[in-house]
Number of protein chains: 2
Amino acid sequence: MTNEQTILIVDDEAAIRDMIGIALDTAGYSSMTAETALEAHVNIVDRRPDLVLLDWMLPGGSGIELARRLKREELTADIPIIMLTAKTSEDNKVQGLDVGVDDYVTKPFSPRELVARIKAVLRRSTGNLRDKPIRVFDLELDPASHRVTLNERAVDMGPTEYRLLNFFMTHPEKVFSRDHIQDQVWGANVYLEERTVDVHIGRLRKALTSASGPGINYAGLIQTVRGAGYRFSTRAD
Amino acid sequence: MTNEQTILIVDDEAAIRDMIGIALDTAGYSSMTAETALEAHVNIVDRRPDLVLLDWMLPGGSGIELARRLKREELTADIPIIMLTAKTSEDNKVQGLDVGVDDYVTKPFSPRELVARIKAVLRRSTGNLRDKPIRVFDLELDPASHRVTLNERAVDMGPTEYRLLNFFMTHPEKVFSRDHIQDQVWGANVYLEERTVDVHIGRLRKALTSASGPGINYAGLIQTVRGAGYRFSTRAD
DNA sequence: CTAAAATGTCATGAAAATGTAATATTTCAT
DNA sequence: ATGAAATATTACATTTTCATGACATTTTAG
């Protein structure tokens, strides 16, 4: 399964991390862990997990801090967060949800419950936002099937080109610098040569070109903006 | 680049300060240094650097102290901090870093990695505040898409002409000398022949002319003020 | 384990952009 | 009107930025 989703577990207790890790593994998710808010933040920015399980009671009360921060920054705002807490107090819930946290699980919890919540949150966020196919003229990208079609015919491209196209189609009519594209498509702090982005842009264009019929060439949707970056646009260059 | 960003290096070892300073210089940043937490704090408040590189191992363990303080005080809370740590996470110590630091780099690090992380953090903190489109009659400049349109049709121009027009449209009805225009569009500390501005004004006018329809010529918005400079104005010359 | 696919880097050539100097044109005081 | 000063325009050499094919390496699928 190429489409395995990754979940970051943030908790300072090793026992809890392990327990959750096993539960997730059983449920078919891959997981990574962090002990501190800082470590978590770096991991999130670098690796872009599909969901974050965040302990409310991190040393220094930094759990909420982190949540707030993640939701504030554009790069990470769309990554769903589930808070884990020992307390059941209403205050906490209100405060946590106020920050923009997607759900809330109180310790102790059963692995089954946790997985159910995760599924629900993932369905909700991937479901609503990302699951609907995006269509531009006859070009359609369907996240559910992870497939790109042009005039109902499949367009052949590599995973990176898919992510690139997905990013572009969800952010149309805006320029992005190569750096920004790297952040979004590869994850921040992945050291690539600047030109690498160009190469993948080229591959994506090529894929679109060879899938385009004799009419318009869909590669034209991906426009080079000299000195600034690239842009996905339906309007003439 | 119009505004060069300044980075404060806080480390008690001169060798490290120098090494980092050179790396930053090469990458196009200007830098300043501080040896102690106190000196650093004064510098930060006075000069407001765009980012702080902070050694965790400052004498007296005051590095974390400083970070915590900076993030607590409103005046400095939005200045990004990257921590430099000697070794990989020893739990209790690293927990001290959970104070809102933006990233950390473990020594020894490659200049390349450091610069990449700096870029990423700066992009995260400063980026994404995009301006709204500016419109004058049927001429529109949209910073988000980095595009100039006239009657909905794209106007073709080079990067410099774009910056020039952007400057003019954000500062209408005012005369600017060639010197001033150079500072704003090319950046200070760039020396050009005076006439170079004229040439680019010419190119911008030409771009606007060939995009203007048979009606009014939008090049007329850029007016020559003999003996003084140029002005962008919607009123007749 | 092997073959195919994907990935990232580099080298090269093409295209666009840039700054300067030379030349042409306009403006204004006289 | 006339000449000097200021500005506009053109041409061109140089620099910067991009596109693309080739290649070595890594990852994935079977």
Side-chain angles (χ1 to χ4, degrees), chain A residues 1-4 6 30 146-148 154-166 175-179 181-183 185-187 189-210 217 219-231 237, chain B residues 1-2 28 112-113 116 146 148 154-166 175-183 185-187 189-210 217 219-231 237:
Chain A
M1 190 64 159
T2 21
N3 207 7
E4 188 168 74
T6 302
S30 73
H146 208 268
R147 193 172 271 160
V148 178
V155 183
D156 186 45
M157 65 180 73
T160 305
E161 283 72 45
Y162 175 86
R163 271 178 287 139
L164 195 51
L165 181 61
N166 182 59
V175 224
F176 296 98
S177 68
R178 290 170 175 74
D179 279 343
I181 292 172
Q182 277 190 25
D183 280 359
V185 175
W186 278 264
N189 298 320
V190 174
Y191 316 126
L192 297 174
E193 291 297 316
E194 282 268 300
R195 295 284 138 231
T196 299
V197 174
D198 298 39
V199 172
H200 283 277
I201 292 273
R203 284 168 183 160
L204 176 53
R205 282 174 173 158
K206 195 160 149 193
L208 291 174
T209 299
S210 55
N217 183 353
L221 296 175
I222 294 157
Q223 303 171 351
T224 303
V225 184
R226 281 226 157 213
Y230 295 96
R231 169 178 61 204
D237 202 356
Chain B
M1 223 23 103
T2 315
R112 188 184 190 196
E113 179 185 357
H146 203 274
V148 178
V155 183
D156 187 46
M157 64 180 74
T160 305
E161 285 71 46
Y162 177 87
R163 272 177 286 138
L164 195 52
L165 181 61
N166 183 55
V175 209
F176 296 99
S177 69
R178 290 171 174 73
D179 275 343
H180 198 285
I181 292 172
Q182 276 191 24
D183 284 353
V185 175
W186 277 263
N189 69 27
V190 176
Y191 174 76
L192 295 174
E193 291 296 320
E194 280 270 302
R195 295 286 130 225
T196 300
V197 175
D198 297 38
V199 172
H200 283 277
I201 291 275
R203 283 170 182 159
L204 176 54
R205 282 173 172 158
K206 192 160 148 195
L208 291 174
T209 300
S210 56
N217 183 352
L221 297 175
I222 294 158
Q223 303 170 352
T224 303
V225 183
R226 204 181 160 79
Y230 296 96
R231 170 180 58 204
D237 202 357

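Chain letters run A, B, ... following the sequence lines, proteins first, then strands; residues in each count from 1.
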- Take the C1' atoms of the five end pairs on each side of the helix from C:dC1-D:dG30 to C:dT30-D:dA1, derive the two axes, and give their angle rounded to 10 degrees. 40°

- Any donor and acceptor pair, going by atom type alone, linking the side chain of B:R231 with main-chain N or O of B:Q223 inside 3.5 Å? no

- Please state how far atom CG in A:D237 lies from atom P in D:dC18, giving the value in whole angstrom units. 13 Å

- Message: Counting only heavy atoms and a strict 4.0 angstrom limit, can you tell me which residues of residues 192-205 of chain A come near DNA chain C?
- Response: A:L192, A:E193, A:T196, A:V199, A:H200, A:R203

- Task: Determine the contact category for A:Y162: base if any of its heavy atoms lies under 4.0 Å from a base atom, sugar-phosphate if only primed atoms, P, OP1 or OP2 are that close, otherwise nothing.
- Result: nothing

- Task: Determine whether more than 12 heavy atoms belonging to other residues, nucleotides or ligands lie under 6.0 Å from atom CG of B:D156.
- Result: no

- Note on the structure: What one should report as the nearest heavy-atom pair of B:A207 and B:S210 is O-OG, 3.3 Å

- Going by heavy atoms in the side chains, are A:R178 and A:D198 under 4.5 Å from each other? yes

- Message: Tell me which one of B:R205, B:K206, B:H200, B:R203 satisfies side chain to side chain donor-acceptor pair (under 3.5 Å) with B:E161.
- Response: B:H200

- For the student: nearest non-hydrogen atoms of A:R226 and B:P159, plus distance: O-CG, 3.8 Å

- Interatomic distance where CD belongs to A:E161 and P belongs to D:dA19 [whole Å]: 15 Å

- Rounded to whole angstrom units, what separation is found between the CG atom of B:D156 and the C1' atom of C:dA17? 11 Å

- Query: Which atom names give the shortest non-hydrogen contact between A:V190 and A:Q182, and what distance separates them?
  - Reply: O-OE1, 3.6 Å

- Message: Do A:L204 and A:I222 make a side-chain contact, defined as non-hydrogen atoms from C-beta onward lying under 4.5 Å apart?
- Response: yes

- In whole angstroms, the gap separating P of D:dT7 from NZ of B:K206 amounts to 21 Å

- Residues of residues 223-231 of chain B with a heavy atom under 4.0 Å from any atom of DNA chain D, listed by number, are B:T224, B:V225, B:R226, B:G227, B:Y230

- Length of the CZ-C1' vector between A:R178 and D:dC18, whole Å: 7 Å

- Step by step, work out the side chain to side chain contact (heavy atoms under 4.5 Å, CB included) result for B:L221 and B:L208. CA-CA 9 Å; B:L221 297 175; B:L208 291 174; 5.8 Å; no

- So, do A:W186 and A:I181 sit near enough that their side-chain heavy atoms are less than 4.5 Å apart? yes

- B:Y230 versus B:V175: any side-chain heavy-atom pair under 4.5 Å? no

- B:W186 CH2 - C:dA17 P separation (whole Å): 15 Å

- Query: For C:dT7, does either OP1 or OP2 sit under 4.0 Å from a side-chain N or O belonging to A:T160?
  - Reply: yes

